[in-house]
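What follows is a single structure, written as C-alpha cells, with notes after it.
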2 protein chains.
Amino acid sequence: MSLRIAALGLLAEGSASGYDLLKQFEKSMANVWPATQSQLYSELNKLAVGGLIEVCAVGPRGRKEYRITDAGRAELQRWVADRQDDPPVRSAGLLRVFLLGLVPPEQARAHLHAMAEEADGEVRRLTELRESLTGGRAVDPADESFFGFAVLDYGLRLNAMQAEWARSVIDRLDD
Amino acid sequence: MSLRIAALGLLAEGSASGYDLLKQFEKSMANVWPATQSQLYSELNKLAVGGLIEVCAVGPRGRKEYRITDAGRAELQRWVADRQDDPPVRSAGLLRVFLLGLVPPEQARAHLHAMAEEADGEVRRLTELRESLTGGRAVDPADESFFGFAVLDYGLRLNAMQAEWARSVIDRLDD
DNA sequence: CGTCACATGTAAGCTGTTACATGATTAG
DNA sequence: CTAATCATGTAACAGCTTACATGTGACG
C-alpha cells in the first residue's frame with residue numbers, strides 16, 4: 001500500500017510525470033521508501049484507473065503529466081491519519097548482527113567496526129545534504145519541506161546512534 | 001534471501017521443527033525479521049531440497065525435526081561475511097512523517113506525540129525483556145546469545161532516540 | 001549523424017500475507 | 001469426549017526486483 005501513498009504524496013505537492021517522480025524517488029524519498037522505475041509506472045497507472053490521480057497534460061515524448069484528484073487527497077489524508085496497515089520493519093543488517101556469533105570473534109569485531117564507519121559516513125553525507133539544502137539556516141515550521149527535514153534529522157540521529165552502539169558492542173566484546 | 005538465512009541461523013543453534021522455529025520467530029526474531037507460518041514452512045522445504053538442512057527425526061504428529069548440514073553452515077557464514085545483497089530498508093512510519101505537512105498542524109503534533117509515547121513504551125518493554133532474560137547481570141561476550149542482546153540494545157537505543165527526536169520536532173513545530 | 005537524456009511500458013520470478021484446509025495428540 | 005495445542009501444508013493475491021523492449025527529442 002505504501003508506494004501508492006508515497007507517489008500520491010509527491011503529487012500532492014505538484015503535478016509531475018512518472019519520469020519526474022522517479023527522480024524525486026531517487027533523491028529525496030529513497031531513504032524512506034525506495035521504488036524502481038517499473039513499479040512506479042505501473043503504480044501510476046493503477047492510481048489513474050482508481051481515479052486517485054489523472055492525466056492533466058501530455059507532453060513531447062508521450063510524456064504524461066499527472067495531477068492528484070480530490071479522491072486522491074482524501075485517500076492520502078486517511079492514510080496519514082490512520083497508521084494501521086503498516087508493514088513490519090525488516091533489517092537485514094540487524095539479522096546479520098544477530099548471527100555474528102557464528103563467525104570468528106575478530107571477524108565479528110571487524111564487521112561492527114565497518115558498521116560504525118559506514119554510519120559515520122552516512123552522518124557526513126546527510127550533514128552535507130542538509131547544508132546544501134538549507135545553506136545553514138534553520139527551517140521554518142511553515143515551510144513545505146519542514147517534515148522532510150525532520151526525516152533527514154531522524155536519519156542523522158539514527159546513524160549517530162548506530163555508530164555509538166556499534167562501538168559500545170565492540171567495547172563489551174573486548175573484555 | 002534473508003528469511004532463508006534467519007531460519008538457517010536458528011537451526012545452527014540446535015535442531016528444531018518448523019513449529020519450534022515459528023515460536024522462536026514470534027519471540028526473539030520478530031523484531032529483526034518477522035515471518036509467517038506459511039512462509040516458514042515452505043522455506044524449510046526449499047532449504048531441505050537444496051540440501052542446506054535435513055530431517056533428522058520424525059516425531060508424533062508428522063513432526064519433522066530439521067538439522068543444519070555442512071552446506072547450510074557454509075552458506076550461513078558466507079552470508080554473514082558478505083553483506084552485499086541486503087534489501088533496502090523501508091519505513092512506513094517515516095513515510096508518514098514525510099507527509100505530515102498534509103494534515104492540520106495540531107494533528108501532526110498529536111501524531112508525533114503518539115510516536116514518542118509509543119517509543120517510550122517500547123523502551124519499557126525491551127528493558128523488562130532484558131531484565132527477565134539476564135536477571136540484571138551483564139552478558140558475557142562468550143555467551144551464545146551475546147549478539148542477541150546486542151540487537152536488543154540496538155532496539156533500546158533506537159526507541160530512545162525516536163522518542164527524543166519526536167519531541168525535538170514538536171519543539172521546533174511550537175515556534 | 002550519433003549519443004544522451006527523456007519517457008514509458010511489459011514479463012518473469014521471488015518474497016511475503018491472508019485465508020483456507022487437514023489431521024494427530026494431550027489434558028481435563 | 002471435547003477443546004486446546006501441536007503440526008504441516010496449499011492457494012490466491014499483492015508487492016517488489018531484474019531484465020528486456022521501444023521510441024522521441026535535443027544537443028553538438
Side-chain angles (χ1 to χ4, degrees), chain A residues 1-8 10-11 15-27 29-30 32-50 52-66 79 84-92 95, chain B residues 1-8 10-11 15-27 29-30 32-50 52-66 79 84-92 95:
Chain A
M1 279 319 285
S2 304
L3 172 60
R4 155 196 215 83
I5 298 296
L8 223 41
L10 289 180
L11 284 175
S15 301
S17 69
Y19 194 83
D20 295 337
L21 290 179
L22 191 60
K23 279 184 296 182
Q24 284 193 262
F25 264 89
E26 279 163 7
K27 211 183 51 183
M29 197 154 277
V32 169
W33 204 273
T36 60
Q37 174 262 343
S38 173
Q39 206 190 347
L40 183 53
Y41 278 111
S42 67
E43 194 62 49
L44 286 171
N45 282 324
K46 281 186 224 161
L47 282 165
V49 169
L52 302 183
I53 63 176
E54 60 191 5
V55 177
C56 63
V58 177
R61 292 151 274 233
R63 174 193 163 94
K64 290 188 285 187
E65 193 161 351
Y66 291 102
W79 187 84
Q84 293 311 314
D85 41 13
D86 285 6
V89 174
R90 289 186 164 85
S91 166
L95 175 58
Chain B
M1 280 319 287
S2 304
L3 172 60
R4 155 197 215 82
I5 298 296
L8 270 180
L10 289 180
L11 284 175
S15 301
S17 69
Y19 195 84
D20 295 337
L21 290 178
L22 191 60
K23 278 183 297 180
Q24 284 192 263
F25 264 89
E26 280 163 5
K27 209 182 54 182
M29 197 153 277
V32 169
W33 205 274
T36 59
Q37 174 262 343
S38 173
Q39 206 189 346
L40 183 53
Y41 278 111
S42 68
E43 194 62 50
L44 286 171
N45 282 323
K46 281 186 224 161
L47 282 165
V49 168
L52 303 183
I53 63 176
E54 60 191 5
V55 177
C56 62
V58 177
R61 292 151 273 234
R63 174 193 162 96
K64 291 188 283 188
E65 193 160 350
Y66 290 101
W79 187 85
Q84 292 312 315
D85 39 14
D86 284 6
V89 174
R90 288 186 165 87
S91 167
L95 175 59

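Here is how names work: the chains are called A, B, and so on, in the same order as the sequence lines, proteins then strands, and each is numbered from 1.
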Under the rule for side chain to side chain contact (heavy atoms under 4.5 Å, CB included), what residues qualify as partners of B/A30, not counting sequence neighbours? none
Atom pair distance, as rounded to whole Å: CG in B/L44 and P in D/dG9: 9 Å
Interatomic distance, B/I5 CD1 vs C/dC14 C1' [rounded to whole Å]: 15 Å
Contact under 4.0 Å: A/R63 side-chain N or O vs C/dA7 OP1/OP2: yes
Value for OG (A/S15) from OH (A/Y66), rounded to nearest 0.5 Å, stands at 12.0 Å
Do A/S91 and B/W33 pass the side-chain contact (heavy atoms from CB on, under 4.5 Å) test, and can you show the C-alpha distance, the side-chain angles, and the key distance before you say yes or no? CA-CA 7 Å; A/S91 166; B/W33 205 274; 5.8 Å; no
In dot-bracket form, how is DNA chain D paired, counting a Watson-Crick or G-U wobble pair only if both its distances are under 3.5 Å and using | for bases paired to another strand? ||||||||||||||||||||||||||||
Could you work out, with side chain to side chain contact (heavy atoms under 4.5 Å, CB included) as the rule, every residue matching B/R4, not counting sequence neighbours? B/M1, B/E43, B/L47, B/L52, B/E75
d(OH, A/Y19; C1', D/dA26) in whole Å: 13 Å
From CZ of A/F25 across to P of D/dG15 the rounded distance in Å is 14 Å
Residues that B/V89 engages under side chain to side chain contact (heavy atoms under 4.5 Å, CB included), provided they are two or more places apart: none
Using whole Å, report how far CG of B/N45 lies from P of C/dC14. 16 Å
To the nearest angstrom, the CD-C1' distance between B/E65 and D/dT8 comes to 15 Å
Results of side chain to side chain contact (heavy atoms under 4.5 Å, CB included) for B/L40 - residues two or more places apart only: B/A7, B/L21, B/L22, B/F25, B/L44
What is the distance from atom SG of A/C56 to atom CG of A/L11, rounded to the nearest 0.5 Å? 9.0 Å
Just jot down the salt bridge (charged side-chain N to carboxylate O under 4.0 Å, His left out) partners of B/R63, sequence neighbours excluded, or say none. B/D20, B/E65
List in chain and number order the residues that pass salt bridge (charged side-chain N to carboxylate O under 4.0 Å, His left out) with A/E26, two or more places apart in sequence or in another chain; answer none if no residue qualifies. none
Please list, pair by pair, any protein nitrogen or oxygen found under 3.5 Å from a nitrogen or oxygen in nucleotides 15-24 of chain C.
{"unit_1": "C/dT15", "atom_1": "OP1", "unit_2": "B/M1", "atom_2": "N", "d": "3.4"}
{"unit_1": "C/dG16", "atom_1": "OP2", "unit_2": "B/Q39", "atom_2": "NE2", "d": "2.5"}
{"unit_1": "C/dG16", "atom_1": "O5'", "unit_2": "B/Q39", "atom_2": "NE2", "d": "3.0"}
{"unit_1": "C/dG16", "atom_1": "O3'", "unit_2": "A/R90", "atom_2": "NH2", "d": "3.4"}
{"unit_1": "C/dT17", "atom_1": "OP1", "unit_2": "A/R90", "atom_2": "NH2", "d": "3.1"}
{"unit_1": "C/dT17", "atom_1": "OP2", "unit_2": "A/R90", "atom_2": "NH2", "d": "3.4"}
{"unit_1": "C/dT17", "atom_1": "OP2", "unit_2": "B/Q39", "atom_2": "OE1", "d": "3.3"}
{"unit_1": "C/dT18", "atom_1": "O4", "unit_2": "B/S38", "atom_2": "OG", "d": "3.0"}

Gap between atoms OH and P, on A/Y41 and D/dC16 respectively (whole Å): 18 Å
From CG of B/D20 across to C1' of D/dA7 the rounded distance in Å is 10 Å
